[in-house]
Amino acid sequence: MTAEMFPKEKTIDLRKKHIGPSCKVFFSHDPIKIVRAKGQYMYDENGVRYLDCINNVAHVGHSHPMVVKAGAEQMELLNTNSRFLHDNLVQYAQRLQATLPEKLSVCYFVNSGSEANDLALRLAWEYTGHKDVITLDNAYHGHVSSLINISPYKFHQLANAEQSKSVHVALSPDLYRGNYRQDHPDPATAYADDVNNLIQKAHEKGHKVQNKNADKLQQCVCARVLPYQCTVPLPHRHVHQAGGLFIADEVQVGFGRVGTHFWAFQLQGEDFVPDIVTMGKPIGNGHPMSCVVTTREVAEAFKNSGMEYFNTFGGNPVSCAIGLAVLDVIEKEDLQGNALRVGGYLMRLLEQQKEKHPLVGDIRGRGLFVGAELVRDRVKLTPATAEAQDIIYKLKEQHILLSADGPHRNVLKFKPPMCFSEEDADMVVEKIDQILTGTLSCHCGTMARSFIMSIIFFFTDIEKALGLQMPSTVHTENGSHKRNVSLALAPSPQSLWHSQI
């Protein structure tokens, strides 16, 4: 039976009445009511089609028929918990393990990325006997209490919150605006040394580090590629020497999204194998499921704690059938290859925008996980936060859905379904170009226009309004290292990453 379709205004009113006020919606000043989706497109209650550049949960495309069929057929037969034997559970575990290094062989199925990361912490606690954690600045690992404590992206927002003494925040290996940038002679070692210094300071205070949590592509700072040796081998070695474990959070970037590899941690080379890997979001293409994979040694230590682990819904037959179908679609439709091809094409288009528009300060990412950072000044790196919001609202009026993220909310973040095409990339970047040059007229709704007017001088040309021009060179400084950098040809974090391999 189809649920009643409310008018949009009633949906908004009921949401305000019954849904927690901290649960936000996209485009809050003029939200979209989505009623169906297919592939890389979403449709509102009036049938208007939007290109989805936001949704990395619908990994193989919204409402993919193979995934829908697998879930429906299994639901007609059986859905129960994993205390009963069922082939779907072991078949799916076997298929997942085949994508990973051999030592990562034991699976725990759960229901969300937050649940996976919380369980990963428990595994590490039991194995090491310690609870101190090293996390990267601006990292986000989930919404449960144990993860808010290790997610600077979240706990920095809390008024009067004190950082836990067992949590040690390492510098984010940011070659664009971090402590050690592109002009540093050896930024990889500098960032790795910061991790080692945190370990030594913790030991001096009587603490023992149990693990290092890492976003392999820093997700909430928008597709920052960690420079080679910033995560491996040096920090990995430091953590192991201190008796800790290394957790790779693949909740947003796994399952082929980076293009060249199935898992983002594999970007760091064949010799790097984390002790625990967590997965979520894309694993079920919108179905709530997730997984933790670890070594036999860590799993045995967890069992020896004496506490049985049971999860009512984790690894149920329907979830596993859906997970198997997602893997089938990725392989059958070569979606990892598509991420490599289309992601590379998107990056090239955005680099052209960087050469053309001074507001575009940095382009970074891998595959179909890409960030474009906007700045008002390429020397001072002043975040163009209001301008980023202006752009995403104008894109929405052109039926393109894109989000802005990062500590300053000034990074345009591309993480579309993996069926995203070169034609889609052309359309998005063309609209961004038109917005930046003032050739795209705005047909904003009244509420959206009022909001935009309140945060930015609403001129027809953003860059002219800001007085931005494209000079040929700038002079930059980083500590004692100085150089002249061609703005159009300045190396991105990705090019430095490649140069250090």
Side-chain angles (χ1 to χ4, degrees), residues 82 89-136 139 141-142 146-147 150 195 199 208-216 226 231-251 253-255 261-280 283 289-311 314-315 320 323 327:
S82 60
L89 176 66
V90 293
Q91 287 176 358
Y92 186 47
Q94 188 177 45
R95 285 281 300 278
L96 268 185
Q97 198 286 318
T99 69
L100 293 159
E102 185 176 358
K103 68 176 285 189
L104 293 168
S105 60
V106 181
C107 300
Y108 296 89
F109 291 104
V110 286
N111 306 290
S112 71
S114 292
E115 197 173 346
N117 281 332
D118 180 73
L119 177 57
L121 289 181
R122 288 182 59 191
L123 292 171
W125 291 342
E126 293 297 342
Y127 183 82
T128 64
H130 306 297
K131 292 195 174 184
D132 281 45
V133 176
I134 295 176
T135 188
L136 293 177
H141 295 290
S146 64
L147 303 175
I150 66 167
V195 172
I199 293 172
K208 296 289 186 180
V209 172
Q210 60 116 329
N211 73 72
K212 180 179 188 290
N213 264 60
D215 298 299
K216 303 314 297 174
L226 306 186
T231 54
V232 59
L234 292 179
H236 184 228
R237 187 186 311 154
H238 295 327
V239 170
H240 272 192
Q241 288 175 347
L245 299 179
F246 197 103
I247 300 173
D249 182 342
E250 296 273 346
V251 167
V253 292
F255 293 89
H261 300 81
F262 202 78
W263 304 107
F265 74 78
Q266 293 169 328
L267 292 169
Q268 303 298 321
E270 293 182 0
D271 293 336
F272 172 63
V273 180
D275 302 290
I276 302 172
V277 177
T278 58
M279 312 165 187
I283 190 172
M289 57 185 294
S290 60
C291 186
V292 181
V293 185
T294 189
T295 65
R296 174 61 57 185
E297 293 78 13
V298 172
E300 289 295 330
F302 189 53
K303 184 194 75 171
N304 292 337
S305 69
M307 182 184 295
E308 177 190 2
Y309 181 77
F310 172 67
N311 190 299
C320 291
L327 293 178

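Numbering starts at 1 and runs along the sequence shown. Just so it is clear, the structure is predicted and the values come from calculations on it, not from any experiment.
Residues that satisfy the salt bridge (Lys or Arg N to Asp or Glu O under 4.0 Å) test with Glu297, not counting sequence neighbours, are absent from this structure. Partners of Ser146 under the side chain to side chain donor-acceptor pair (under 3.5 Å) rule, at least two apart in sequence or in another chain, are Asp118. By the salt bridge (Lys or Arg N to Asp or Glu O under 4.0 Å) test, Glu308 is found to be paired with Arg83, residues two or more places apart in sequence or in another chain being considered. Applying the salt bridge (Lys or Arg N to Asp or Glu O under 4.0 Å) criterion to Lys103, with sequence neighbours excluded, gives no partner residue.
Between Met279 and Ser290, the shortest heavy-atom contact is O-CB, 3.0 Å. Counting all heavy atoms, side chain and backbone alike, Ala120 lies closest to Thr278 at CB-CG2, 3.7 Å. Contact record, Leu245 with Ala124: CD1-CA, 3.9 Å, taken as the closest heavy-atom pair. Taking both residues in full, the closest heavy atoms of Ser114 and Gly142 are given as OG-CA, 3.2 Å, listed atom of the first, atom of the second, then distance.
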Can you list, pair by pair, the side-chain donor-acceptor contacts under 3.5 Å of residues 93-101, counting residues two or more places apart and other chains?
residue: Arg95; atom: NH1; partner: Asp328; partner atom: OD1; Å: 3.2
residue: Arg95; atom: NH2; partner: Asp328; partner atom: OD1; Å: 3.0
residue: Gln97; atom: NE2; partner: Pro101; partner atom: O; Å: 3.3
residue: Gln97; atom: NE2; partner: Glu102; partner atom: O; Å: 3.4
residue: Gln97; atom: NE2; partner: Leu104; partner atom: O; Å: 3.2
residue: Thr99; atom: OG1; partner: Leu96; partner atom: O; Å: 2.6
residue: Thr99; atom: OG1; partner: Trp263; partner atom: NE1; Å: 3.0

Going by atom type alone, with no hydrogens or angles, which donor-acceptor pairs under 3.5 Å involve a side-chain atom of residues 298-305 and a protein atom two or more places apart or on another chain?
residue: Glu300; atom: OE1; partner: Lys303; partner atom: NZ; Å: 3.3
residue: Asn304; atom: ND2; partner: Glu300; partner atom: O; Å: 3.1
residue: Ser305; atom: OG; partner: Phe302; partner atom: O; Å: 2.7
residue: Ser305; atom: OG; partner: Met307; partner atom: N; Å: 3.4

Atom pairs and distances, side-chain donor-acceptor, residues 105-113, under 3.5 Å, sequence neighbours left out:
residue: Asn111; atom: ND2; partner: Glu115; partner atom: OE1; Å: 3.2
residue: Asn111; atom: ND2; partner: Asn311; partner atom: OD1; Å: 3.0
residue: Ser112; atom: OG; partner: Glu115; partner atom: N; Å: 3.1

TODO: Apply side-chain contact (heavy atoms from CB on, under 4.5 Å) to the pair Val277 and Thr294, showing each step before the final yes or no.
DONE: CA-CA 6 Å; Val277 177; Thr294 189; over 6 Å; no

Task: Step-by-step side-chain contact (heavy atoms from CB on, under 4.5 Å) determination, Leu121 to Ile150 - done: CA-CA 10 Å; Leu121 289 181; Ile150 66 167; 4.1 Å; yes

TODO: Apply side-chain contact (heavy atoms from CB on, under 4.5 Å) to Tyr127 and Thr295, showing your working.
DONE: CA-CA 11 Å; Tyr127 183 82; Thr295 65; 5.9 Å; no

Open item on the list: Show, in sequence, the C-alpha distance, side-chain angles and deciding distance for Gln241 and Ile199, and conclude whether the side-chain contact (heavy atoms from CB on, under 4.5 Å) test is met.
Closed with: CA-CA 10 Å; Gln241 288 175 347; Ile199 293 172; over 6 Å; no

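Here the side chains of Leu327 and Tyr92 are in contact, with some heavy-atom distance below 4.5 Å.
Note that the CD1 atom of Ile276 and the CD1 atom of Ile247 stand 4.5 Å from one another [nearest 0.5 Å]. Atom-to-atom distance recorded for His141:NE2 and Asn117:CG is 6.5 Å, nearest 0.5 angstrom. Atoms CD and CZ, on Glu250 and Phe255 in that order, are 9.0 Å from each other to the nearest 0.5 Å.
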